[in-house]
Amino acid sequence: MLINQTNQINGSDHSAHEAYYRRVSLPAGDVHVYAGDELFGAMGAKVFEMANNNLQIPNIRYMSYTPDVHVGVGTCIGTTAVWETESAFVSPSIVGSDIGCGMRVHLTNLKAENLRDVKLRRQLVKAIEKRVPTENQTRGRFSDIRLERVVAKGLHGLPGKYVPDAYTPRQATSLTRVESSGFLLDEDYLSRFPDRIWHRAHRQLGTLGGGNHFVELQAIEIEESSREIAKQWGLFDGQIAVMIHSGSRAWGGAVNQYCGSEVAKAMRQGGWGTADPKLLFAPLHSEAGKAYVHLMYSALNFAVVNRHLIAYAIREACKETFGAKFEMSTLYDLMHNYAWEEKREGESLFVHRKGATRALPPGHPDNPKAYAATGHPALIPGSMGTASYLMVGAPGGAANHYSICHGAGRVRSRNATKQLVKVEEFSQAMRIGREDEIVVNHRSLEAILDESPQAYKDIDQIIASVVGAGLASVVAKCRPLAAIKGV
DNA sequence: ATGTGC
């Protein structure tokens, strides 16, 4: 494929940032790539073939890759794709398979020294695992929660006991500190799902899921240049944070399955298509497009509530371990797989993010009230055994529709990792057997070998690219002390 | 990432 590159951001005065940006011209259009030389050089031809297919979707206005980009189904993970709402197409492939997948961070009143004892970390991991099911087969819990209310209204559909401060306006932090606590949808679309899907999804409320999903206990290290923002967010050095990475579980899967065939049918009728039969898209205002958007919103609602219930269970486990003095507040809940409308200077855009995190700068009007002055926290997970990051958007992010990376980004497939990496190497990366061991819930690391850090790019390089490109800055680094993984 | 079917 013929590829031309330039590296001038919007032709403006971003010269200091140009080492981390390239506009790559492909036959079907341009993809804007944010990455340093080494990460850019490591991007395979397949990543650009996928871009060339995605750029053939009618009326697309902008497409970009973050430095952690890697091949996915139909569309790469690390994609931002933008249309004007009026003439938009919506693509289930660009949203991706785990609709609403994202991060949540809670701040605790614990300090790193409270978790210095490896036995205590093990005890805590066990207590959390008891309340946050990490296996697929779980019994029905939360019998007081109505799933039809949850998928229709998000956090607003939960009984008050799960959102204790939601109804006292002066302290309504848990709702305002969530990217969106409820997506509005036409509930008629929900009647399309059979009973077995409702039952399975209800059983899965508050469960972690497999793959890269996790709960981690981390110690916060504030970036010197960000002390003021860190203070306003309530962070302190050595503070223990709880980071949760999970998504919409089987509910989102059912949405993809049902809508996928409807969208494929609409594509045949409309005569649309690309070289990749797995790249699905339909006009936003068509029947198939509308059905997908409404049901995608139901999966976003499920995902937000799922992370919220995982946090609720973790709070219970920590209270059991540390007593009633334990406190845990919400820092933020932020997705990286979704599509929705965003306003830009009076214009309405339809923005898809797949493995891309929105990071708004200070003062941007779309920030929630609690973060209007600082910009909202952008929550970026590292791979197992490596640090995660709390970041904040920079004004330069406007050039990329405020999208930054969503993590380290896979560098080799799950199968290739299992062939290449030895359990012993994974064990060393987790410092197993040492006093500073990162405690993992699994008795054997073998079951999660495909999640070893060797399967991922270097998160520090990814972060350096995002910062270097002027999209965001680091507020704090979060070092892992314990991890709970599903399978 | 996921449930389902081989």
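Every heavy atom of this structure was used, including side-chain atoms; hydrogens, water molecules and symmetry mates were not. By convention in this document, chain letters (A, B, ...) are assigned in the order of the sequence lines, proteins followed by strands, and residues within each chain are numbered from 1.
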Could you tell me whether the phosphate oxygens of dT2(B), OP1 or OP2, come under 4.0 Å of any side-chain nitrogen or oxygen in R249(A)?
yes
Mind checking G211(A) for me? I need base, sugar-phosphate or nothing, with any heavy atom below 4.0 Å counting as a touch.
sugar-phosphate
Value in whole Å for how far the C1' atom of dT2(B) lies from CZ of F302(A)
12 Å
Return no unless some side-chain N or O of N212(A) is found under 4.0 Å from OP1 or OP2 of dA1(B).
yes
Nearest to the side chain of R196(A), which nucleotide is it out of dT4(B), dG3(B), dT2(B)?
dT4(B)
Closest to the R200(A) side chain, choosing from dA1(B), dT4(B), dT2(B)
dT4(B)
I'd like to check the ring pair (Phe, Tyr, Trp, His ring centres under 6.0 Å) partners of H70(A); sequence neighbours left out, ordered by chain and number.
none
Does the side chain of N400(A) pick up a donor-acceptor pair with the side chain of Y62(A) at under 3.5 Å?
yes
Note: for S97(A) and Q257(A) on DNA chain B, the residue whose nearest nucleotide lies more 5' is S97(A)
Distance, rounded to the nearest Å, where N337(A) contributes CG and dA1(B) contributes P:
10 Å
Separation of dG3(B) P from I99(A) CD1 (nearest whole Å)
14 Å
Nearest-Å distance, CD1 (I197(A)) to C1' (dT2(B))?
12 Å
Rounded to whole Å, the CZ-C1' distance (R307(A) to dA1(B)) equals 14 Å
Which residues pass the salt bridge (Lys or Arg N to Asp or Glu O under 4.0 Å) test with K477(A), not counting sequence neighbours?
none
Please give, in whole Å, the distance from dA1(B) P to N415(A) CG?
13 Å
Side chains of R412(A) and Y456(A), donor plus acceptor under 3.5 Å:
no
Taking the side chain as C-beta and beyond, is there a heavy-atom pair between V304(A) and E179(A) under 4.5 Å?
no
Atom pair distance, as rounded to whole Å: CG in D450(A) and C1' in dA1(B)
12 Å
Between dA1(B) (C1') and K354(A) (NZ): distance, integer Å:
11 Å
